[in-house]
2 protein chains.
Amino acid sequence: MKNIIIASTSTLHEGRYLEYLLPVLQSHFKNCSTILFIPYARPGGISHDEYTQKAASVFQTINISVKGIHEFEDPETALKNAEGIFTGGGNTFLLVTQLYRNNIMQILSETVKNGIPYLGTSAGSNICGLSMQTTNDMPIVYPPSFQTLGLIPFNLNPHYLDPNLQSKHMGETRETRIKEFHAFNTIPVLGLREGSWIEVKGEKITLKGNLSARLFLQNQQPTELNPESDLSNLK
Amino acid sequence: MKNIIIASTSTLHEGRYLEYLLPVLQSHFKNCSTILFIPYARPGGISHDEYTQKAASVFQTINISVKGIHEFEDPETALKNAEGIFTGGGNTFLLVTQLYRNNIMQILSETVKNGIPYLGTSAGSNICGLSMQTTNDMPIVYPPSFQTLGLIPFNLNPHYLDPNLQSKHMGETRETRIKEFHAFNTIPVLGLREGSWIEVKGEKITLKGNLSARLFLQNQQPTELNPESDLSNLK
């Protein structure tokens, strides 16, 4: 039975890393003594070790240890033995490239579909959809494919931002960009605001957090979905 | 001798399409009776015909006619016979995909390097750099490569946006994204604000417009370049 938390962001404004999610994570990973962290999305600034340590220092407060996938000789074996998995944020192009380069996109998908609890934040959430094509990130590396884990039957736009009506900027709004996606793709897109997350329990998919999310369907006006909305039939 | 205008945006806030550039374009295309418009970046909303008509209605005010490349049976021949070329904005992933699919990325580059006057705005400017990897656009289609025209020896970030210090949004700023690019790439990136453009005359590259531009070099603090800065040695 799938058991997944897909969060728009790891960190809220003026909050600490994963702080707002911690009560949820305590229950989500309750049967795990150790979780496997995938730091691949991080493009620089801090090393994979440092990024893993950042996650570890939070999970230690709920008595869970964290090991980075880069610490294992064979990432596939690391995934197969994982009690729980957390993929952190950063750049989605980089994350997807690394998952393909290490030949673990498929095994990661299968492992999570088989019921190992998964947490994704930001880029780690983007990859839960059918493709990474509604990411906000810059194409800093060229991935072999835009296809991702397909843990849910739609795409996400994490860190969803409403248009700033005061702005004089002429670049495309997030809504315009998602409409552009729908000129070529039929996949629904859920704009997930910071503070929202999706809970997947088996086939039940639910919008969580205090905020509404913005749903984009091809050739339709976007709509707002309230917290606790059932997303199970969205495809 | 290269003769190129690379503009951050086609349209300024509360301005009309190409309005702020029109005096520059009059001189830039002074030897052209007709220019070839490349509407490929436009992902929807209006057709290639309508987009071409939008460009044509502006150029008609300076007595230049406009023909869309999609109106020609063979886009390569259309390029070879062009007196001037304008590539409009939209989605860079789509534009690059279409240029490759029509097998004209290289011939477009050669044509402009041979001196046919070129205008790019937004996505049409992005492709003037070495790669499209510093675009702001969503990856709505999967291009066969991120390599672009290489008309200038660096990359651009059109519609460059300064961080909003009032924002509570935790998504990456433009500056952070460009730093991420530099974790894997050495190519300089020029953040070109709306209202700025680059003029290329032979090997001379100059920043134009009233605004400064933000220069990002790998492993260095970004700097501000004043209007009329000479960018010829930037690589």
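Numbers restart at 1 for each chain; the letters A, B, ... are given by sequence-line order, proteins then strands. The analysis underlying the following values was restricted to heavy atoms, covering all of them including side chains, and did not include hydrogens, waters or symmetry mates.
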Specify whether B:Phe93 and A:Phe93 have parallel, tilted or perpendicular ring planes, treating 30° as the upper limit for parallel and 60° as the lower limit for perpendicular. parallel

Reported CE-to-CG distance for the pair A:Met138 and B:Asp137, which is rounded to 0.5 angstrom: 10.0 Å

Region of A:Ser10 in contact with chain B, defined by heavy-atom distances below 4.5 Å: neither

Tell me, please, which residues at least two apart from A:Gln98 pass side chain to side chain donor-acceptor pair (under 3.5 Å). none

Between atom CG of A:Asn91 and atom CD of B:Glu180, what is the distance when rounded to the nearest 0.5 Å? 5.0 Å

B:Glu110 CD: over 12 foreign heavy atoms closer than 6.0 Å: yes

A:His13: partners by ring-ring contact (aromatic ring centres under 6.0 Å, His included), with sequence neighbours left out: none

Measure A:Glu172 against the heavy atoms of chain B and call it side chain, backbone, both or neither at under 4.5 Å. side chain

Pick from B:Arg174, B:Arg42, B:Arg177, B:His169: which one has the most heavy-atom pairs with chain A under 4.5 Å? B:His169

Under 4.5 Å to a heavy atom of chain B? For A:Leu94 that would be side chain

So, the part of A:Thr11 with a heavy atom under 4.5 Å from chain B: the answer is both

Given A:Ser145, A:Gly89, A:Ser122, the one with more heavy-atom pairs under 4.5 angstrom with chain B than any other is A:Ser145

If you count the non-hydrogen atoms of other residues, nucleotides and ligands that lie under 6.0 Å from CD in B:Glu50, is the total more than 12? yes

Which one, B:Ser8, B:Ser167, B:Pro144, B:Pro158, leads in non-hydrogen pairs under 4.5 Å with chain A? B:Pro144

Can any side-chain N or O of A:Tyr142 pair as donor or acceptor with the backbone N or O of B:Gln133 at less than 3.5 Å? no

Heavy-atom distance under 4.5 Å to chain A: side chain of B:Asn157, backbone, both or neither? side chain

Contact listing (chain A partner; residues 216-229 of chain B; heavy atom under 4.5 Å): none

With a strict 4.5 Å heavy-atom criterion, list every residue of residues 182-198 of chain A that contacts chain B, or say none. A:Ala183, A:Phe184, A:Asn185, A:Glu194

Mind ranking B:Lys168, B:Met132, B:Lys179, B:Glu14 by heavy-atom pairs under 4.5 Å with chain A and telling me who comes out on top? B:Lys168

What distance do B:Phe146 atom CZ and A:Ile140 atom CD1 have between them, rounded to the nearest 0.5 Å? 10.5 Å

Where does B:Thr135 contact chain A at under 4.5 Å (heavy atoms): side chain, backbone, both or neither? both

Best-contacting candidate, A:Gly44, A:Ser131, A:Pro139, against chain B by heavy atom pairs under 4.5 angstrom: A:Pro139

